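Each chain gets a letter, A, B and so on, in the order its sequence line appears, and its residues count up from 1. Since the structure is predicted, the reported quantities are computational estimates derived from the model, not experimental observations.
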Amino acid sequence: MPETAETSHLIVRNLLTAAWLLPLAAFIAQVYAVECWSNRLSRASGLLGCAAIGGSLVLSLLAVAFFPSGSGSAHTADDGSNHAAVDAEHEAHPSATPAALAGRYYTLARFGDSRLELGWYVDSLTLVLFVVIGLIASCVHVFSLGYLDDERTEDYRDEHAHAGDEQPVSRAGRFHLFFAYLSLFCFSMFGLVLAGNLLQVFAFWELVGFCSYLLIGFYRERPSAVRAANKAILVNRVGDFGFLIGLAVLWTSVGTLQFATEVDSKGVTASGLFEQVRGDGQLELSDDSKSVVLQRHLEAGDEPAPTRPTIAYTLFVLAGLGIVAGSIGKSAQFPLQTWLPDAMEGPTPVSALVHSATMVAAGVYLVARCYPLLAPEVLLVVAYVGAATLFIGATIALTATELKQVLAFSTISQLGYMMLALGVGGWGAGVFHLSTHAFFKSLLFLSAGSVILACHHEQRLDRLGGLRHRLPWTAAAMLIGTLAVTGVGIPNPWAPGYSLALSGFHSKDMVLASALAFVRLNPLHSLLYLVPLAGAGITAVYMFRLWLKVFVGRPADQHVFEHAKESPPVVLIPLAVLAFFSVFSAVGGESSWLYRGLVTSEPAFVAASSTSSAIWPITHPGHEEIHAAHGAAGLMVWLVAMAGAGIAIWIFGYQPFSADELRATFPRLRQFLLDRWRFDALYDLAVVQPVLRISRQAIAIDRTVIDPLLHGASRLLVQLAGWGRRIDELLVDGAVVGIGAWTWRSGERLRRLQSGQLRQYVLWLGLSVVVLFGVVTWMRPG
Amino acid sequence: MDGVGLEAYLIVGAILFGCGFACLLVKRNAIAILMGVELLLNGANLNFLAFARFTSLGLDGQVIGLFVIVLAAAEAAVALAIALNFYNNHLSIDVDSAKELKD
């Protein structure tokens, strides 16, 4: 039924486009809100933002309903017997991207056969992310109505920012502006996910980075916030530089940045990146294994060219590494993870939306989206980066002293899990963990926001404690988040998918299963399984430590404790919604609706096990191997997580040691972790200080060489201008003034004739007539 | 009608004109100057009538004569109004005291 397919194609496109543009419209209205139809006390801007993002969510859900699910979902995740059939089908239809709709809005530029377009690319990953972003952003918008309520004032006192005289800075409230930034962010994020080519992805990639900059620096009177915003955008530049190189390599070698193969109205086919690189699944290497053969679509009548286009393998790896570098920056992966903890300077809802659930996940999204473009070597790099990141993040979180810092490092660590999963061939596991993590991490951050709101912006862990009596609902929500992120639960050995456990349990199981399957095939890389396993234990320790320190035990600060009161419903309702999704979004594990939906857009070549031998021989596990490893991996990660939780409850719940004893146990290790593995110090030493030194020298050169030159030049000019002025005064002005003066003098002289004596005039008249008469008579001819 | 020809009329007109002009030159009283102007007009008018009588100018000369008389009446009205205003401003009608435009 081609017509129905065509219609649903159009419907999905229009729904998602509307969902994408709705926040932009809201943004424009909100920017002008205060000037045009509202004031700083009004809630209108916030409500408008909520309405827009709510509308986007509804449109995204409608798009899911209209998405043609039958077209490419033939291969399901947990059904190994289906693979042969699916592979056969893909051989028959050489398209590496199942169940994807794509098209273009319009062409920006055309260079020969290459085109730059504004396009769109929709598969189940896009749809899931649209819904997840819409849902979380809606919750965060509603939450922000409560959290930023004190900004609705003409005179906001910022206790954390000081003017010169130790007085808190007083400024106008920025309620409407906050929601404008949020709307712009949602627009950019939707655009990033919807984009149909890599250049478009890059544009929105930068736009979300810019929104992140605005939101981190929202309290721009605080020097720490400004520094954090600058750090975020500068560190991201490093990754984006790599991304740009990757784009340049792909553009020059492959000649397109388009994801999907497109047939335009004249019937000319333009092969997209995925088809060119992966044609019918695997990379096709040239005979000497030094280049990848590109597969361009041939028209029916065309003869195949004698030499097919290729891209050198090293270039191909370079392109992949570039894209991964972009992801590393955006997703705060090792070694660029340092910006994310500082980003917690922004308001807490921003941390929940931008710096845990959506924007930082964009890096993972990019790796998942560009999966066919990544050589096995690049994937190995991704896996190791992920492993390093998750370990570093988890260990630092153990000693972090502030509520949001713990969550920030937890985010870094969980992003590491996603990268690891993608790197070891667990595409489904990676994006699955991405979706579930978005729910429970935004839940955790919003709960933290609720705590911070209740405790009047006190978030040091050693000042909190016992708050479960004061904030029962927040405590429950945060416990759900904690259980979800740690993967603690009661497994059901007969049907692991229906264990008594929360979403993180299932997705982390999948990640570990992928890692175990990979390690079984490549024993050399055993670390890639052992590190995440250890990380799972550490995760349990630090998350339970956090929860116990905040909500259990004796209140450390009576003042804070007594003034804490449960947040209003506008804050608690989003928590409830997110808690619901944290609990139920992954019920069923491999056979859950979410996972099965995601896997329909998995690149075809991932399904089966594959070995590559271009530089390093690596074997990636297929679905079958991962499925086989699931039981063992799940059991081990569960044991480790339970052990971690047990240790945390023993140390921080029963408190057999005093806090000082704990601190004295491993002082140097503790300090090392408190210094965040000294990455900041290293970068300070290796990058920041040299740059400062160079700039100081540049200043000196400016002052001693360039400034005198400029001053000399300007003095010369002044001199020249003086001469010019004198010439002006003498010649030009002189001429004009002279003519004027002469006219004046003539007038003065002539006025003497006007005596005012009437009779004299008459005499002149008479004499003149006589003279004229005489002249006429004398001159008359004849 | 012999003996009295065109020349005689013209001479009388010229004398009248000369008297008027002399009046303009020597009199300081505005009314006297007005009278001088009347003499000038009538001297000229006499020429028109003489030419109407002795040359082919014919009736046209007489018509112009009538026009000049009407014009002189109008001019006298305007000039007397000016003299009156002048007197109101200066308490005299001595034209030598009219020097405002000079200064």
Side-chain angles (χ1 to χ4, degrees), chain A residues 713-782, chain B residues 7 10-11 13-48 51 68 72 75-76 78-103:
Chain A
S714 49
R715 240 173 259 132
L716 187 70
L717 257 181
V718 168
Q719 204 76 65
L720 284 175
W723 293 339
R725 174 181 168 177
R726 236 161 282 151
I727 290 173
D728 240 28
E729 280 173 355
L730 282 177
L731 292 185
V732 182
D733 281 11
V736 175
V737 170
I739 291 171
W742 178 80
T743 312
W744 181 263
R745 275 196 303 278
S746 322
E748 278 294 323
R749 240 172 257 147
L750 280 175
R751 76 181 275 203
R752 252 174 256 154
L753 286 177
Q754 302 286 330
S755 61
Q757 297 283 337
L758 200 56
R759 287 168 303 133
Q760 199 179 1
Y761 294 171
V762 174
L763 178 64
W764 284 121
L765 204 64
L767 285 179
S768 312
V769 169
V770 171
V771 168
L772 273 178
F773 190 75
V775 168
V776 169
T777 314
W778 177 62
M779 288 187 53
R780 200 177 50 179
Chain B
E7 291 81 8
L10 292 184
I11 287 166
I15 291 169
L16 271 177
F17 192 89
C19 290
F21 200 81
C23 186
L24 282 189
L25 273 178
V26 298
K27 286 296 180 186
R28 286 163 50 183
N29 190 315
I31 302 296
I33 288 176
L34 190 57
M35 288 155 70
V37 171
E38 293 302 321
L39 285 179
L40 286 180
L41 287 173
N42 283 324
N45 217 5
L46 195 60
N47 280 11
F48 275 118
F51 284 122
V68 170
E75 178 253 314
V78 174
L80 282 171
I82 289 173
L84 193 62
N85 265 314
F86 188 78
Y87 179 77
N88 282 342
N89 285 332
H90 294 86
L91 287 179
S92 99
I93 45 173
D94 182 355
V95 291
D96 281 1
S97 63
K99 285 183 184 170
E100 275 89 0
L101 277 179
K102 182 198 165 198
D103 301 321

Most contacts with chain B, counted as non-hydrogen pairs under 4.5 angstrom, among A:Leu765, A:Leu758, A:Leu763, A:Val762:
A:Val762
So which bits of residues 86-93 of chain B come within less than 4.5 Å of chain A, counting non-hydrogen atoms only?
none
When every non-hydrogen atom of B:Asp96 is compared with those of A:Arg759, the smallest separation belongs to OD2-NH2, 2.5 Å
My understanding is that only residues two or more places apart in sequence, or in another chain, count here; which of them pass side-chain contact (heavy atoms from CB on, under 4.5 Å) with A:Arg745?
A:Ala741, A:Trp742, A:Arg749
Suppose we screen for salt bridge (Lys or Arg N to Asp or Glu O under 4.0 Å). Which residues come up paired with B:Glu75, at least two apart in sequence or across chains?
none
Quiz: residues 27-48 of chain B side-chain donor-acceptor pairs under 3.5 angstrom, not counting sequence neighbours:
{"unit_1": "B:Arg28", "atom_1": "NH2", "unit_2": "B:Asp94", "atom_2": "OD2", "d": "3.0"}
{"unit_1": "B:Asn29", "atom_1": "OD1", "unit_2": "B:Ile31", "atom_2": "N", "d": "2.8"}
{"unit_1": "B:Asn42", "atom_1": "ND2", "unit_2": "B:Glu38", "atom_2": "O", "d": "3.2"}
{"unit_1": "B:Asn45", "atom_1": "ND2", "unit_2": "B:Gly65", "atom_2": "O", "d": "3.4"}

